[in-house]
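Structure first, commentary second.
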Amino acid sequence: ILKFRIQHTILQGPLIQMLGVARRSLIHPFATSSQSGTRTDDFPGGRSWTVPRGRGLGGCSAVNICLWVRGNMLDFDEWARSVGGTIIDWSYEGMIVAFKAIESYFHASTAPTKECTQRGGSGPVKVQLSPLEAPVADEFVERLTTSLGSEFNAFGCRPFPNRGDYNTQNQPSDQLGSGRIQVNAFQGKRYDAARAFLTQDVRQRSNLWVITKAHAERLLFENKEGDSQKIGCSGVRVQHPDCAEGFIDFFVKSGSHEFDGEVIVCAGAFESPKLLQLSGIGPKKVLMEAGVPLVVNNEHVGRHLVDHVNFQVFNSMTAQQLSCEPISYDLHNIRLSPEIQSFAQGRGVFGSPLCTSVAFLRTDGRPNMPPDVQLHVLPAGPPIGWMHALNMDESVCKEYQRGVEEADAILSILITILRPAYEGSVMIQSRDCQLDPKIDFNYLPDDDDVNKAIKALEIIRKTCRHMSTFKKEIFPAEIDMQKLKRQFR
C-alpha cells in the first residue's frame, strides 16, 4: 500500500533522490520526541530530530544514500540466540542464503561476481564499489591505513581483509578496516526495492495489487474471543481519497476461515509497530490510553527500537576533490557541467552516492571484536537545505556555512555509533492512523557513546594531519573536552 512513484529519469539517480529528504513531497518527516540525553541548556527538555521516511514505491530505499552494509555477523547470531526456536534461522549463516539471493555483486568489474560462499551474482539488486572519483577521500583512507603506526591496527586502521569486502565475514572482527564503500547503484541508476523487485513481469501478476494514495488504517481480524490462539488476520482496512466511504477493506483470500498462512506486515521500522498497535496488538496500557480495543496484549510491540546516533566532522581542504562548482542544491564542490553528460553515461556525481569510502573501527582496541564505530567519508559538503531539513543544530549549520565560504573544498566524515546500549520505542498516541506515533530513541543516556565518538574523532584528526590537502577542521574544531561533549550532544 503505497503513496506514489518517482518517474522522471533524472530523479532515479542515487544523488538526486537522496536530496529528496529536503522535499516534503518525497518523504514523510517523522520527528522524535525530545531526547533527555541531549543538551537541555539550548533545548529545554532535550533536542528533537527529524526522521525522514521515503513516500514512493521502494520506501526509504528510494531516497536513502544507497550504502550496502549487511551488518556484523555477531548481530545476527545474537538475534538467533535471543528468539530461540523460530521457523526462520536468524543467524548469520542462515541469513547468508537470503543475502546471496537478492544481490548481484560487481567487484571492480562490469560482470557480476561469480557465486561464492557469501556473495551473490544473480540477484535483482545490483551492488558495486562506489565508482565516484574522489582523490581526497581516497587519500584519507590511505593515510588512515598507513600513516598512524601499527599500534592503531587494533582499532581497525587497516585495509579491509577478504579482498576489500567488508560484507564477507568469517569472524566478527573481519569487518574492521577501511576502503571503498559498496552501493546498491549501477550505471547511474539506484537499485531500490521497487526497481529490483517490482519489475514489469512482477507487476503483471494477478495476485499483486499496487495501490497509490493509500494509507493503512488497521488490520482486520476474525474469531476475536480474547484468546490469541483463536484470532486470525483476515485483511486490512485502507483509507483512500477515491472511496466514497473514505476507506476500503481488502481481505485475505482463503478457502476456509482456518488461516494457516501468514500475513506479513512490512511497513517499516515506525509504521509496522504503529499499524499493529492501531489494530489492537501491543502494550495494553498504550492501547487503552489511545482508545484502541485490545486484541492481543504484547508488551514488546513498539519497544526495543535501536538507532545509530551520528556525529558530523567537516574539514576544509585546499584541493578540489570533484570537478564541480555549487549548483542550486548548494552542494559544495559540485559543478553542473560536465556532470549532466556524465550522468547520461551512468557515471559522475549524479550517478553515484556522495559517500565514497567507509571505515569500521573498534575504539577500545579489544581484539577479535566487532566494530563499534563506522565512519562515512564524503568528498563534498552536504547542502545547507538538507541539514536544515533534518533539523540539525543551528549552531552546526552556521559554523559549517562560515567554513564553507572560506574553503576550497570540504571533506565530510560522519561518525556513526554501532551497537549502542540504549533502546527506544514507537508508540501510538491516538487511534487516528494519520497521526504520527511518538518516536523516542532514548539517545545518549550516558557518556559511553559520546566517548566512542571522541575516540573516533581523535583518529580522524591524526589521519587528517598526515594529509597533504588538509587545511583545518571546520566543525567541531579545537575546543576543550567539556565543550566537545556538549557539542556532540
With side-chain contact (heavy atoms from CB on, under 4.5 Å) as the test, would you mind laying out the steps for Phe221 and Ser279 before giving the verdict?
-> CA-CA 9 Å; Phe221 298 98; Ser279 307; 3.8 Å; yes
Would you confirm whether the ring centroid of Tyr105 sits within less than 6.0 angstrom of the ring centroid of Trp68?
-> no
Any chance the rings of Trp49 and Phe441 have centres within less than 6.0 Å?
-> no
Main-chain N/O of [Y] paired to [X] side chain as donor or acceptor, under 3.5 Å:
X      : Y      : result
Ser412 : Phe314 : no
Glu78  : Ser91  : no
Thr50  : Pro29  : no
Arg180 : Ser357 : no
Ser104 : Gly123 : yes
His308 : Thr416 : no
Arg203 : Leu198 : yes
Ser272 : Ala269 : no
Gln277 : Ile428 : yes
Asn72  : Pro370 : no

If you measure from the Lys or Arg side-chain nitrogens to the Asp or Glu carboxylate oxygens, is any gap between [X] and [Y] under 4.0 Å?
X      : Y      : answer
Arg303 : Glu423 : no
Asp440 : Lys438 : no
Asp77  : Arg81  : no
Arg195 : Asp192 : no
Glu289 : Lys284 : no

Per the side chain to side chain donor-acceptor pair (under 3.5 Å) rule, which among Gln175, Glu103, Gln169 passes with Arg70?
-> Glu103
Do [X] and [Y] have a side chain donor and acceptor closer than 3.5 Å?
X      : Y      : answer
Tyr92  : Gln118 : yes
Glu217 : His215 : no
Gln182 : Asp165 : yes
Asn184 : Gln128 : no
Thr363 : Asp372 : yes
His376 : Asn310 : no
Ser430 : Asp432 : no

Does some side-chain heavy atom of [Y] sit less than 4.5 Å from a side-chain heavy atom of [X]?
X      : Y      : result
Asn167 : Asn162 : no
Arg218 : Leu220 : yes
Met95  : Asp89  : no
Tyr443 : Asp449 : no
His107 : Arg163 : yes
Thr356 : Leu378 : no

Go through Leu435 and Gln429 one step at a time and tell me if the side-chain contact (heavy atoms from CB on, under 4.5 Å) criterion holds.
-> CA-CA 8 Å; Leu435 295 181; Gln429 304 178 81; over 6 Å; no
Hey, what's the ring geometry for Phe99 with Phe76, parallel, tilted or perpendicular (30° and 60° as the breaks)?
-> perpendicular
Please walk me through it: do Ile181 and Tyr166 pass side-chain contact (heavy atoms from CB on, under 4.5 Å)?
-> CA-CA 9 Å; Ile181 199 160; Tyr166 54 79; 3.3 Å; yes
Ignoring hydrogens, what is the shortest heavy-atom contact between [X] and [Y]? Give both atom names and the distance.
X      : Y      : answer
Phe160 : Gly179 : CE1-N, 3.2 Å
Pro52  : Cys60  : O-SG, 4.4 Å
Ala453 : Ile415 : O-CD1, 3.7 Å

Starting at [atom1] of [X], measure out to [atom2] of [Y] and round the result to the nearest 0.5 Å.
X      : Y      : atom1 : atom2 : result
Met73  : Ser173 : CE    : OG    : 9.5 Å
Leu354 : Cys66  : CG    : SG    : 11.0 Å
Leu294 : Ile281 : CG    : CD1   : 9.5 Å

Exceeds 12 heavy-atom contacts within 6.0 angstrom, atom CD of Glu93 = no
Please lay out, stage by stage, how Val301 and Val296 fare under the test side-chain contact (heavy atoms from CB on, under 4.5 Å).
-> CA-CA 10 Å; Val301 175; Val296 176; over 6 Å; no
I would like to know whether Asp364 and Arg362 meet salt bridge (charged side-chain N to carboxylate O under 4.0 Å, His left out); could you show each step before the answer?
-> CA-CA 6 Å; Asp364 59 11; Arg362 182 75 195 188; 2.9 Å; yes
